[in-house]
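Report on the structure given below.
Each chain gets a letter, A, B and so on, in the order its sequence line appears, and its residues count up from 1.
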Amino acid sequence: MSLVVGVDIGNSTTEACAADVGADGEVTYLSAALGRTTGVKGTVANVPGVVEVVVRALKAAGRDPAGVRAVLVNEATPVISGLAMETITETVITESTMIGHNPDTPGGVGLGVGTTVAFADLPDRAPGDAVICVAGADADFEDVAAGINAAVTRGVRVTGAVVQADDATLIANRLREPVPVVDEVTLVHRVPLGMPAAVEVAEQGRTIRTLSNSYGIATVFGLDPEQTRMIAPVARALVGNRSAVVVRTPSGDVTGRRIPAGILTLIGERTKRSVEVDAGAKEIMETWRRVRPLADADGEPGTHVGGMLARVRDTMADLTAMPRDAVRIQDVLAVDTFVPQRVTGGLAGEFALENAVALAAMVRTSRGPMELLADRLREALGTDVLIGGVEADMALLGALTTPGTAKPMAILDLGGGSTDAAVTDEGADEGAQVRSVHLAGAGDLVTSLIDSELGLDDTDLAEEIKKFPLAKAESFFHIRMEDGTVRFFDEALPAEAFARVVVLTDAGMRPIRTGHGVERIRQVRRSAKQRVFVTNALRALEQVAPGGDIRRIGFVVVLGGAALDFEIPDMIAEAVSEFGIVSGTGNVRGSEGPRNAVATGLVAGHASAHAASTAVRCG
Amino acid sequence: MADGMRSDGVEDAGGAAGIRPGTAVRTRPEVVVLRRPDPRNRHCLRELGAGMEEEGVPFRVEDVAADGSAVELAFAAAQVSHLDVGVGVDALGNVCVHHSKLPPGAPALTGTASGARVMGHNAARLVVGIPFKAAGARFRDASAPLDE
């Protein structure tokens, strides 16, 4: 019997598996351990992390480190991945044509049309004038209401008001003849004065009818067909609001603009094609399909995409001491997304959902400084260190210890920076043909999509939204989970969580300070996972499957950090179910779940090689 | 319990109401504001009312003779409110928003006279069930653990 420890250095975690190996190749697994990878995978910076998990695994097994015969390390190859996001549309309001921020509590109900006039100038207006009063936050709500009432008494027709402070209801309640009032207009001093304008507020629970309709605006301002065509985007921008203001300025407009985002060049082994990033993810992936297998990619200098690809290349060149030109981008994944962006020229902080393209790229080398790493480990551990086998082969060997699996089998390793897949045919251990593929786009891209689509600007929170379920704090003592069930608390919940959507993390409840409801956040989260993991799972299986036919793979075992996610394995199982194959989350050695596959595979591979050599010697 | 009740169901608030629950009678669905009558908190009360009115939540103000902190007044007010939400204002204009189901010593929000408008908004939001406005109010200890 000899004691060996298999160690898998992954992108984010390092795992160990301690086992006794008999002369006949019989393996007795003793323990497993897991820790954080120190430094970039496959570099000498990994040593402290490896030492730690080896020590922990041996401690868990109750064995003396001095008794270790060999530490088996996988052929860890550095993977560098990069992300970039390009916003490709922009909404611009010129000449302050409209206000469409939809405040919580507008005042009054109805439609008012008149000429915009500053509150201070109200006493100067002649009786009979139809005006819209514009008031800043320095005017108190009682003064504004009194001023409007006085003007109305003189015969001035005040038909609506636009105010800066949050007091529309207060003003409307104090008017003798209530008019629609839109409040919380932050840049109220930029509302053009002396211009025809319309203010509309709908009843509670309803949306505006006139200003969200092009012909409604045409009727209000008496527009001709050409002018109506010009104003149509304003109406479209106001659809769904409870309140709105439209100001008729000489050439005011709301425009949607496409932002040129640079060119991405995909270089295949046989052909090379360029694609405009602002054409969208579908077009980019279509181009990828035409040139694949990808040999390299390049982005237009001076654009986000160009910058990101250059960064990935530089980091890898530094790590492996390869010349920069020799680093090749091996895969790209483009995903359509949208970003809430402040509308240029808006007066009240209006947001519009702009289209964007997210791009992930990946580089992997086969030339990590493994010998150097092994030397350093030998010094640090004082035992023999063997570099054993290609990572994909070892992962397959480990995954095969999952109860109920058999060859031909494929593994899907869903990590943080890349999605890896490998498939083995029915051949015996040594003769088995293994094909593997490494794709860009995994957990980090999902986090980044959640972050930008919800407008969080907080990667940690986005990461938590990705990993944990949501709930809404409905009172101080209960929350409603996203599946509709209710959970009660003895202690009152914090006030900052009240009525908010919260993420139920391991460390406690974390409120999400946005206006999004549970349903919306859940939908963004699930759709981000679909767009990245399901897309990549199918893309990966398609590339490794014999003849590109996923049906010819018997079993699919899902491994890696994302396999522990509460919904990703189900999504993948659902997506591959149509191919009539068995798919599920791995359970390495029947006990480790989707973890420890490579470490276990290293031990298993070592044992069978050991047995073979023993058999040769005996024979 | 029926002492001081008027025919329309509104409790006589002529300065006789104590701050103990039970002496006031549950009537309309309103946020109840209990305050120490004092010229120093008049402006605070106006702002508080403005905040609740803007949110569209009904409220009534009652003067109390008995001495008490803003927190005690707010808790007593919450007990008599049909909406379970009470506001207490002390002589200086310190404001507290309380919920009848919270422990007496752990109010939902506390603040000073300068933040009265936002406190009014938040008292109303506690009724309506929408997240609080942030400015001007100090949150209660936010680090309460998730575990029951």
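Taking CG of B:L126 as the reference point, atom CZ of A:F476 lies at 5.0 Å (rounded to 0.5 Å). Distance check: B:H121 NE2 to A:D166 CG gives 4.5 Å after rounding to the nearest 0.5 Å. Distance check, rounded to the nearest 0.5 Å: CG of A:N173 to CD of B:E53 gives 4.5 Å. Here the straight-line distance linking atom OG of A:S475 with atom NZ of B:K101 works out to 9.5 Å at 0.5 Å rounding. A:L170 contributes atom CG, which lies 4.5 Å from atom CD of B:E54 (distance to the nearest 0.5 angstrom).
When the shell of 6.0 Å around CD of A:E474 is examined, it contains more than 12 heavy atoms from other residues, nucleotides or ligands. Residue-environment remark: NZ (A:K466) exceeds the threshold of 12 foreign heavy atoms within 6.0 Å. Counting heavy atoms of neighbouring residues, nucleotides and ligands inside a 6.0 Å radius, atom CG of A:D457 does not exceed 12 of them.
The closest side-chain heavy-atom distance from A:T169 to B:E55 is not below 4.5 Å.
Heavy atoms closer than 4.5 Å to chain B are found nowhere in A:R510, neither backbone nor side chain. B:R125 touches chain A through backbone and side chain together, each having a heavy atom under 4.5 Å away. Of the two parts of A:A497, neither the backbone nor the side chain holds a non-hydrogen atom closer than 4.5 Å to a non-hydrogen atom of chain B.
Residue A:A492 comes nearest to B:L102 through the heavy atom pair CB-CD2, 3.2 Å, listed as atom of the first residue, atom of the second, then distance. Looking at every heavy atom in both residues, A:A495 comes nearest to B:A108 through CB-O, 3.5 Å.
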Audit row: A:D140, B:R46, salt bridge (charged side-chain N to carboxylate O under 4.0 Å, His left out) steps and yes/no:
CA-CA 12 Å; A:D140 187 78; B:R46 173 199 189 258; 2.4 Å; yes

